[in-house]
Amino acid sequence: MIEVHCDGALHEFSEGTKAGEVFRNLYGKKNKAIAALVNGEQKDLSFELKKNCEIGIITEDSDEGLYILRHSCAHLLAQAVTQLFPDAKPTIGPPIEHGFYYDFEMKPINEDDLRRIEKLMKKLVKQNITIQREEYNNETLRKMFEDNPFKIEIMNEKIGHDVGSSAYRQGDFIDLCKGPHVRNTSKLRWFKLTSTSQAFWRADSSREALVRIYGMCYSSKEELQARETLLREASKRDHRKLGKELQLFHIDEMVGQGLVLWTPRGSIVRNELQKFISEHLNLQGYQQVHTPHIGKLDLYRTSGHFPYYQDSQYPPIIGRNTLRKLSDENCSCADLSNLMSKGELEGYMLKPMNCPHHIRIYTSQPRSYRDLPLRLAEFGTVYRWEQSGEISGMTRVRGFTQDDAHLFITEDQIQQELLGCIELVKIIFDNLGMQNYRVRIGLRDLNSDKYVGNAKQWDKAEEACRKAAEILGVKFSEEQGEAAFYGPKIDFIVNDVLGREWQLGTVQVDYNLPERFDLTYAGSDGEKHRPVIIHRAPFGSMERFCGVLIEHFGGMFPTWLSPTQVHILTISEKHIDYANQIADRLAKEEIRLELDTGDDTIGKKLRTHRSMRPAYIMILGDEEQNNETVSFLNPDRKQTNGLLMDDFISKIKLEIKSRK
RNA sequence: GCCACCGUAGCUUAGCCCGGUUGAGCGGCUGACUUGUAAUCAGCAGGCCGAGGGUUCAAAUCCCUCCGGUGGCUCCA
């Protein structure tokens with residue numbers, strides 16, 4: 001007999017009892033065990049208990065259990081794929097949030113193939129195939145997988161997960177794996193293959209291109225359906241769809257990929273946000289500046305942006321005289337291209353960053369310590385050549401306006417100024433009800449020598465980032481190697497409706513540019529000193545921020561941001577005069593409104609105007625006209641009847657002013 | 001940039017597999033109706049089917065190239 005600790009109690013079982021039998025014994029036949037935790041290690045239910053141990057149940061609906069289920073589902077996928085495509089070589093197939101994926105070296109497949117694979121998986125589930133753990137020594141394992149170079153590489157380097165010395169067999173399929181797994185394919189009922197894509201072996205674009213197949217997988221039909229419903233609901237909030245429906249922005253193929261046209265309604269949202277941010281900039285002692293969209297190549301040679309980021313910039317704009325001169329010298333296209341990539345040309349560049357311009361404002365005057373901190377802010381539009389496959393709606397574009405600022409400060413001011421930067425983000429996120437964000441502090445990778453500045457400065461700046469976040473009580477994670485080469489940074493990352501992460505704001509300490517531009521200030525000692533720069537764009541870009549905001553509000557903006565705050569609908573022709581009077585009153589109060597005196601039925605008008613999601617929808621008929629009142633649907637779409645106009649105006653104005 | 005899929009009227013889409021002069025709903029315009037809470041009725045206009053090339057007697061449909069979009073991958077100062 002052996003002693004088995006479980007759930008705080010001691011039990012006795014005969015030696016060799018399987019983990020699954022223990023659970024059946026203790027929790028009954030209907031326990032949801034999917035695996036066991038034996039002395040802290042995940043094991044199959046078929047694991048035989050040989051010694052005294054502590055054991056815990058892993059149920060199929062726990063996080064750990066779901067990951068095991070999904071991992072097994074990935075194996076099921078590989079079983080189906082290798083059956084349908086005997087040449088396909090499985091590589092790795094981990095569980096992920098909501099499901100799993102598996103990468104294969106094989107010819108690309110299409111959607112029909114995906115459905116065929118899914119069908120076969122369902123068939124394999126019905127066949128109740130046992131999933132069996134088999135243990136081998138290292139040599140035998142290598143022999144077994146000798147025709148799969150990926151598995152060999154995994155064994156050589158233990159990539160991804162600890163491969164151990166085991167394999168799992170289900171029918172004809174066997175996969176190198178540490179486990180644990182479910183005991184039978186019949187456990188894997190609630191999955192769906194979702195998409196395919198190309199992925200590179202070991203995420204390295206110079207390595208083999210693999211076919212990745214994604215699926216989702218849950219422990220019950222309800223959860224799977226709930227996830228599908230959620231995805232459907234989320235897609236209704238997609239800013240690309242809402243942006244079109246609500247006429248907020250337009251991206252035109254004739255203008256160019258990733259170049260956002262802000263339409264009148266979208267511009268209102270953007271302008272209101274900029275006003276809001278500007279008020280806080282003033283409170284925090286920023287000074288606003290404006291700089292042009294282009295600058296000389298030399299400026300970016302000095303800053304280092306050219307040619308360091310050349311591949312992600314629009315190519316230089318070459319001056320007429322330069323071109324003429326080159327042409328006279330019989331310069332070929334190849335020569336020109338060569339000169340361009342070396343930057344040995346005089347010309348201009350669309351600015352990829354605002355900092356060089358701001359820095360030249362700094363250097364336009366001699367500066368003393370009394371001028372610092374000098375905080376220069378600009379809603380500055382920058383252009384970057386993003387890869388075509390990356391461009392998406394408003395969240396990934398080629399031209400965007402940063403809510404940018406550069407703080408020129410002394411080293412001693414780093415802590416205090418970082419604090420102000422984070423505070424600004426917090427104020428605005430809180431106001432907009434955006435609580436679903438995380439803060440990441442990017443630290444340097446101590447094993448890398450790519451960083452500028454000395455260790456002492458870095459330590460101090462990293463500590464200042466940490467402290468600033470702590471003081472404001474925001475939750476943050478520290479990630480090594482996420483710093484920029486010129487200094488540590490604090491990033492604000494939000495999720496969109498589909499759960500994708502977007503980096504919005506960033507606050508970065510920079511030791512590099514002050515050096516490159518030889519920035520100085522006169523200290524109280526009369527000596528020259530080097531300032532430090534903090535770059536900060538708390539919302540990243542107006543494009544991305546508005547995109548995320550559209551999804552956050554599902555298109556239903558708070559009154560102060562709403563492109564049209566009140567839509568006025570008349571019941572019949574008789575009420576047009578009254579509606580005009582009301583509209584005039586509201587217009588005088590600078591309320592943004594739309595008036596519909598058309599001859600549709602009120603039902604039709606409501607339907608039409610609801611879809612545009614204005615804050616208020618006012619309905620005017622006999623009732624209101626005779627009593628000189630207004631009736632309206634509130635933002636929550638509950639109705640208020642017979643309110644005096646003065647009362648409505650003070651209500652909505654208060655709402656707008658307080659930005660609630 | 002890479003892989004898969006997609007592109008028909010302002011919007012949503014049928015037709016494409018299996019080639020034979022594009023069909024609808026919404027929206028727009030005109031008229032009738034004058035309406036009290038999520039689609040009143042009728043009529044009209046609107047498409048060289050993303051662009052270019054090829055195959056064919058004949059291409060929205062089959063093939064190629066490009067442009068644009070979607071989902072991923074890689075990248076993101």
Side-chain angles (χ1 to χ4, degrees), chain A residues 101 103 106-114 194-207 209-214 231 235 238 240-241 244-245 247 250-258 300 303-306 308-313 351-356 382 384-393 395-398 400 402 483-487 489 491 498 500 502-503 506 508 510 512-513 535 537 540 544 569-576 597-611 617-624 631-633 637-639 641:
Chain A
Y101 68 80
D103 288 348
M106 65 190 296
K107 276 204 226 110
I109 58 167
N110 61 29
E111 254 162 47
D112 286 343
D113 296 326
L114 201 65
T194 48
S195 65
T196 68
S197 96
Q198 187 208 48
F200 298 105
W201 173 236
R202 303 186 70 181
D204 180 347
S205 56
S206 68
R207 298 291 309 264
L210 307 172
V211 172
R212 174 171 297 180
I213 301 174
Y214 281 95
L231 289 176
S235 72
D238 190 316
R240 291 165 301 192
K241 188 177 142 71
K244 192 179 269 182
E245 275 174 28
Q247 297 162 29
H250 172 65
I251 296 170
D252 191 280
E253 64 176 277
M254 201 166 184
V255 174
Q257 228 186 346
Y300 301 101
S303 72
H305 293 115
F306 190 94
Y308 191 78
Y309 292 108
Q310 193 178 168
D311 289 344
S312 46
Q313 289 166 359
K351 65 177 175 187
M353 291 283 270
N354 298 305
C355 25
V382 298
R384 298 179 187 177
W385 187 263
E386 301 287 351
Q387 295 186 38
S388 63
E390 283 306 337
I391 290 167
S392 173
T395 41
R396 196 75 189 266
V397 292
R398 282 186 175 156
F400 55 95
Q402 295 179 313
F485 72 88
Y486 48 73
K489 58 178 185 172
D491 292 328
L498 294 168
R500 291 175 298 200
W502 292 104
Q503 186 191 311
T506 185
Q508 311 183 349
D510 186 351
N512 181 45
L513 287 176
H535 307 249
R544 183 175 285 181
L569 319 184
T570 51
I571 298 284
S572 83
E573 275 174 355
K574 293 182 290 182
H575 313 112
I576 294 179
T597 56
D599 50 11
D600 285 323
T601 60
I602 191 64
K604 177 59 184 294
K605 284 184 190 173
L606 273 164
R607 189 187 164 85
T608 308
H609 290 270
R610 266 173 188 268
S611 70
I617 302 177
M618 205 174 251
I619 298 157
L620 302 180
D622 286 342
E623 198 69 13
E624 291 73 22
S631 300
F632 51 86
L633 296 178
R637 294 304 179 242
K638 298 221 171 82
Q639 183 142 355
N641 285 324

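Proteins come first, then strands; the chains are lettered A, B, ... in the order of their sequence lines, and each starts at number 1.
The listed nucleotides are B/rG72, B/rA77, B/rU70; the one nearest the side chain of A/Ser197 is B/rG72. Across B/rA77, B/rC11, B/rA4, the shortest atom-to-atom separation from the side chain of A/Asn110 is found for B/rA4. Considering only the side chain of A/Glu623, B/rG36 comes nearest among B/rG69, B/rG36, B/rA77. Distances from the side chain of A/Ser572 to the nucleotides B/rA77, B/rG68, B/rU35 place B/rU35 closest. Of the candidates B/rU70, B/rU34, B/rC75, B/rU34 carries the atom nearest the A/Glu573 side chain, counting heavy atoms from C-beta on.
Between A/Lys241 and A/Ser235, the closest heavy-atom pair is CD-O, 3.6 Å.
Here A/Ser205 pairs with nothing under the side-chain hydrogen bond (donor to acceptor under 3.5 Å, both in side chains) rule; sequence neighbours left out.
Atom-to-atom distance recorded for A/Asp510:CG and A/Asn512:CG is 5.5 Å, nearest 0.5 angstrom. Between atom CZ of residue A/Arg396 and atom CZ of residue A/Arg384 there is a gap of 10.0 Å, rounded to the nearest 0.5 Å. The CD atom of A/Gln257 sits 4.0 Å away from the CD1 atom of A/Ile391 when rounded to the nearest 0.5 Å. Taking NZ from A/Lys605 and CZ from A/Arg610, the interatomic distance works out to 15.5 Å, rounded to the nearest 0.5 Å.
The residue A/Arg212 sits close only to the backbone: its heavy atoms come under 4.0 Å of sugar-phosphate atoms, none of a base. Among the heavy atoms of the strands, none lies under 4.0 Å from A/Asp204. Backbone-only contact: A/Glu253 has heavy atoms under 4.0 Å from sugar-phosphate atoms and none from a base. Among the atoms of the strands shown, none is found under 4.0 Å from any heavy atom of A/Gln402. At a threshold of 4.0 angstrom between heavy atoms, the contacts of A/Glu245 with the nucleic acid are absent. Residue A/Ala199 is in sugar-phosphate contact alone, with no base atom involved, counting any heavy-atom pair closer than 4.0 Å across all strands shown. Residue contacts shown for A/Ile617 are absent, as no nucleic acid heavy atom lies under 4.0 Å away. A/Leu114 comes within contact range of no nucleotide atom at all, as no heavy-atom separation falls under 4.0 Å. Using a 4.0 Å heavy-atom cutoff across all strands shown, A/Tyr308 reaches no nucleic acid atom at all.
Judged by distance alone with a 3.5 Å cut-off, a donor-acceptor contact links the side chain of A/Arg396 to the base of B/rC76.
Contact check, A/Tyr214 against B/rC73: a side-chain N or O comes under 4.0 Å of OP1 or OP2. Contact annotation: A/Ser195 does not reach the phosphate of B/rG72 (side-chain N/O to OP1 or OP2, under 4.0 Å). Between A/Gln198 and B/rG72 there is no side-chain N or O to OP1 or OP2 distance below 4.0 Å. Between A/Arg240 and B/rU70 there is a side-chain polar atom (N or O) within less than 4.0 angstrom of OP1 or OP2. For B/rG69, the OP1/OP2 oxygens have a side-chain nitrogen or oxygen of A/Gln257 closer than 4.0 Å.
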(request) For nucleotides 37-48 of chain B, just jot down a letter per nucleotide in 5' to 3' order: B, S or -, based on protein non-hydrogen atoms under 4.0 Å. (result) BBBS--------
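In a base pair of the Watson-Crick type (N1 to N3 plus N6-O4 or O6-N4) or a G-U wobble (N1-O2 and O6-N3), with each distance short of 3.5 Å, B/rU40 is matched with B/rA32. With both pairing distances under 3.5 Å, B/rG19 is matched to nothing as a Watson-Crick or G-U wobble pair.
Donor-acceptor pairing under 3.5 Å is lacking for the side chains of A/Tyr300 and A/Gln313.
Looking at which nucleotide of RNA chain B each of A/Gly621 and A/Arg398 is closest to, the 5′-most match is held by A/Arg398.
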